[in-house]
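One-based numbering, in listed order, for ligands and for the atoms of each.
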Amino acid sequence: MELFTYFRSSAAYRVRLALNLKGIEHRLTPVNLLTGEQLGEAYRRLNPQGLLPALKLDSGALLTQSSAILEYLETVYPQTPLLPADPVAAAQVRAWANLIACDIHPLDNLRVLKYLKGSLNISDEDKTAWYLHWIREGFDVLEKQLVAAPFCHGAEVTLADLYLIPQVYNALRFKLDMSAYPKILSIWEACNQLDAFDAARPEKQPDSTL
Ligand SMILES: N[C@@H](CCC(=O)N[C@@H](CS)C(=O)NCC(=O)O)C(=O)O
């Protein structure tokens, strides 16, 4: 399969993690968000929404939306399960993932930041304040709820870790003061010690140097 990705796309990062953890053979096709390649005709023909990631299956089917892609991978490749078997625990893991996917990430997405700056003329300083505000709102809750022993839900990596780690990468990149989040930082450290996480890091992606 072929993953359309960008090294700094956190939604693509989630899928890179799942592919690595499940040991699924794939190739990476970079789409440059910085130059607006996602909005060009070629990529929009694949994904009219102009967002990353997209996953092209060997059958030719194209999947979009990271949560739909992750659900597909979890169903078809049940090895290294990313959800606990207990339905209540699985709902908790999904709630943490959704907190990040629905309540942090879309507010801080590139097109939102571009609109704030380009159309609403907010300053760079206000843009960064906006960006960090929504991460803090979410991290304040996660810090209280996550188990962190050593991963979000305990001893096993779950979907929640796949959403958290890219979000922490963004927080660190925008220099969020993480001192209020020792549990989140300890999960970041624990995850990044695993090969699957290490290989998915933005700085290890082939397009990070383009
Ligand atoms: N809900 C979508 C969000 C996808 C998304 O926002 N992707 C970002 C990168 S992390 C993107 O492609 N942004 C391009 C843009 O804003 O122009 C998903 O989970 O796949």
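A donor-acceptor contact under 3.5 angstrom links the side chains of Q65 and Q49, judged on distance only. Between the side chains of Y163 and N98, no donor-acceptor pair is found at a separation under 3.5 Å.
If you run ring pair (Phe, Tyr, Trp, His ring centres under 6.0 Å) between F174 and each of W130, Y131, Y169, only Y131 comes through.
Nearest protein neighbour of atom 2 (C) of ligand 1, counting heavy atoms only, is Q65 OE1, 3.1 Å.
Residue contacts with ligand 1 leave out A101, since none of its heavy atoms falls under 4.0 Å from the ligand. Assignment of P53 to the shell around ligand 1 is supported, since a heavy atom sits closer than 4.0 Å.
Between Q38 and ligand 1, at least one pair of N/O atoms sits closer than 3.5 Å. Any N or O atom pair closer than 3.5 Å counts here, and K114 shares no such pair with ligand 1. Between H105 and ligand 1, no N or O atom pair is found at a separation short of 3.5 Å.
Set against the non-hydrogen atoms of S9, the atoms of ligand 1 under 4.0 Å away are 9 (C), 10 (S).
Taking all heavy atoms of R14, R111, R8 into account, the minimum distance to atom 16 (O) of ligand 1 is reached by R111.
With Y6 as the aromatic partner, R8 does not meet the cation-pi criteria of under 6.0 angstrom to the ring centre and within 45 degrees of the ring axis.
One N or O on the side chain of N32 and one on the backbone of T35 form a donor-acceptor pair closer than 3.5 Å.
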